[in-house]
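What follows is a single structure, written as structure tokens, with notes after it.
Residue indices begin at 1 and follow the sequence shown. The analysis underlying the following values was restricted to heavy atoms, covering all of them including side chains, and did not include hydrogens, waters or symmetry mates.
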Amino acid sequence: MQRVEGKVCLVTGAASGIGREDALLLAREGARVVLTDLNEEAGRQAAAEIGENALFIRHDIASESDWQRVIATTLEHFGRLDVLVNNAAILATGTIEDTSLELWQKVQKINGDGYFLGCKYAIEAMKKTGGGSIINMSSVAALGAMPMFCAYSASKGAVAAMTRSIALHCKQQGYRIRCNSVHPDGVNTPMTQALAGGQPIPQELLDQDPMNRMCAPRDIANVVLFLASDESRFVNGAELRVDNAQLISGI
């Protein structure tokens with residue numbers, strides 16, 4: 001359908017999991033895609049799968065200089081930036097009692113500072129070319145209570161609150177830049193599989209259970225595609241849950 005034809009999309013954490021699926025789907029729907037990650041080998045493989053409409057850049061999202069370089073390279077290579085998918089993150093377990101200050105600060109630096117920097121420099125690029133869409137990957141952990149993910153929940157809560165602030169700021173400034181957050185529950189990716197012993201989980205098996213909390217990366221990518229496209233032109237500052245009603249189930 002070419003739902004994002006002509007758009008330039010930057011996806012962080014694109015070497016695997018949700019980010020990889022985002023990049024592949026956006027490319028299939030007509031976008032030129034910049035894939036960034038610390039995993040150079042897997043990132044370059046994903047970009048090669050897309051072809052000439054893709055560019056891979058090694059990227060530490062917690063580094064301001066890296067963000068400046070990535071945005072500058074994107075503009076140099078493709079001439080513009082229309083969509084930012086802030087996807088890269090780390091997941092760390094620990095209650096408030098178990099979490100060290102060192103771990104807390106590491107999670108906030110990557111999941112919080114990294115998204116802040118991405119939004120800051122994406123807005124600078126997008127407002128010069130008439131607007132765009134920023135999609136921040138948050139979590140249901142930002143909306144409900146998950147005692148075993150104290151630092152992670154806090155970082156994703158910050159992402160959700162920042163998203164609302166950015167959406168209203170850009171609207172008031174007349175930038176035509178939308179900013180929305182996506183809130184999955186479990187997603188069947190290597191990062192979440194690591195919590196279950198690192199064994200791959202067949203999605204077909206999970207989907208047999210109507211109470212399933214673990215969606216496929218493609219389920220998230222479909223939402224990202226919608227938010228990247230002009231179909232969502234009036235969706236701004238929204239929190240889109242992708243959780244099979246888990247948050248409201250009370251279970």
Side-chain angles (χ1 to χ4, degrees), residues 4 6-20 22-23 26-27 31-44 46-47 50 52-90 105-138 155-156 158-182 224 227-228:
V4 285
K7 294 185 184 295
V8 176
C9 305
L10 194 165
V11 182
T12 68
S16 64
I18 296 171
R20 186 179 192 279
D22 289 345
L26 289 166
R32 293 172 290 172
V33 184
V34 177
L35 302 86
T36 80
D37 207 291
L38 285 173
N39 187 335
E40 293 189 60
E41 182 178 358
R44 294 188 189 283
I50 294 171
E52 62 181 11
N53 285 328
L55 172 69
F56 172 78
I57 307 173
R58 189 183 188 281
H59 184 196
D60 174 2
I61 67 166
S63 165
E64 184 170 21
S65 61
D66 264 22
W67 268 111
Q68 293 169 325
R69 176 177 54 83
V70 164
I71 296 294
T73 303
T74 298
L75 298 180
E76 180 181 347
H77 195 84
F78 288 127
R80 59 185 298 122
L81 176 64
D82 301 291
V83 177
L84 168 65
V85 184
N86 264 326
N87 168 76
I90 60 170
Q105 291 176 333
K106 178 181 179 180
V107 173
Q108 308 315 314
K109 184 172 181 61
I110 295 171
N111 296 2
D113 294 2
Y115 282 37
F116 159 77
L117 291 167
C119 292
K120 182 177 181 66
Y121 287 105
I123 289 168
E124 184 179 294
M126 290 175 177
K127 70 182 185 181
K128 296 176 182 178
T129 52
S133 174
I134 297 173
I135 303 158
N136 288 327
M137 198 59 56
S138 185
S155 70
K156 291 303 187 179
V159 168
M162 181 182 68
T163 296
R164 295 191 295 271
S165 176
I166 291 168
L168 187 54
H169 169 75
C170 289
K171 176 182 178 179
Q172 291 176 339
Q173 296 301 312
Y175 292 157
R176 297 190 183 276
I177 298 172
R178 298 180 293 109
C179 189
N180 295 286
S181 56
V182 180
V224 168
L227 292 174

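No side-chain heavy atom of R58 sits under 4.5 Å from any side-chain heavy atom of N39. When side chains are defined from C-beta on, T12 does not count as touching D37, because their heavy atoms never get closer than 4.5 Å. Between I110 and I61, the closest side-chain pair of non-hydrogen atoms falls below 4.5 Å. Looking at I135 and N86, their side chains never come closer than 4.5 Å, going by heavy atoms from C-beta outward. Using a 4.5 Å cut-off on side-chain heavy atoms (C-beta onward), I90 and K106 make contact. Between V11 and V34 the shortest side-chain heavy-atom distance does not fall below 4.5 Å.
A side chain to side chain donor-acceptor pair (under 3.5 Å) check over residues 169-179, counting only residues at least two apart or in different chains, returns the pairs R178-S232. For residues 54-89, the ring-ring contact (aromatic ring centres under 6.0 Å, His included) pairs, not counting sequence neighbours, are H59-W67. The salt bridge (charged side-chain N to carboxylate O under 4.0 Å, His left out) pairs that include a residue from residues 8-20 are R20-E49, where partners are two or more places apart or lie in different chains. Pairs of residues two or more places apart, or lying in two chains, that qualify as salt bridge (charged side-chain N to carboxylate O under 4.0 Å, His left out) and include a residue from residues 65-77 are D66-R69.
I134 CD1 to N180 CG: the interatomic distance, rounded to the nearest 0.5 Å, is 10.0 Å.
Residues satisfying the side chain to side chain donor-acceptor pair (under 3.5 Å) test with N111, not counting sequence neighbours, are S155.
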Go through the steps to decide whether T163 and N136 satisfy the test side chain to side chain donor-acceptor pair (under 3.5 Å), and finish with yes or no.
CA-CA 7 Å; T163 296; N136 288 327; 2.9 Å; yes
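Closest approach of A14 to A46, counting heavy atoms only: O-CB, 4.0 Å.
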Exercise answer: donor-acceptor pairs, residues 117-130 side-chain atoms, under 3.5 Å, sequence neighbours excluded:
{"unit_1": "Y121", "atom_1": "OH", "unit_2": "E64", "atom_2": "OE2", "d": "2.4"}
{"unit_1": "Y121", "atom_1": "OH", "unit_2": "Q68", "atom_2": "NE2", "d": "3.1"}
{"unit_1": "T129", "atom_1": "OG1", "unit_2": "M126", "atom_2": "O", "d": "3.3"}

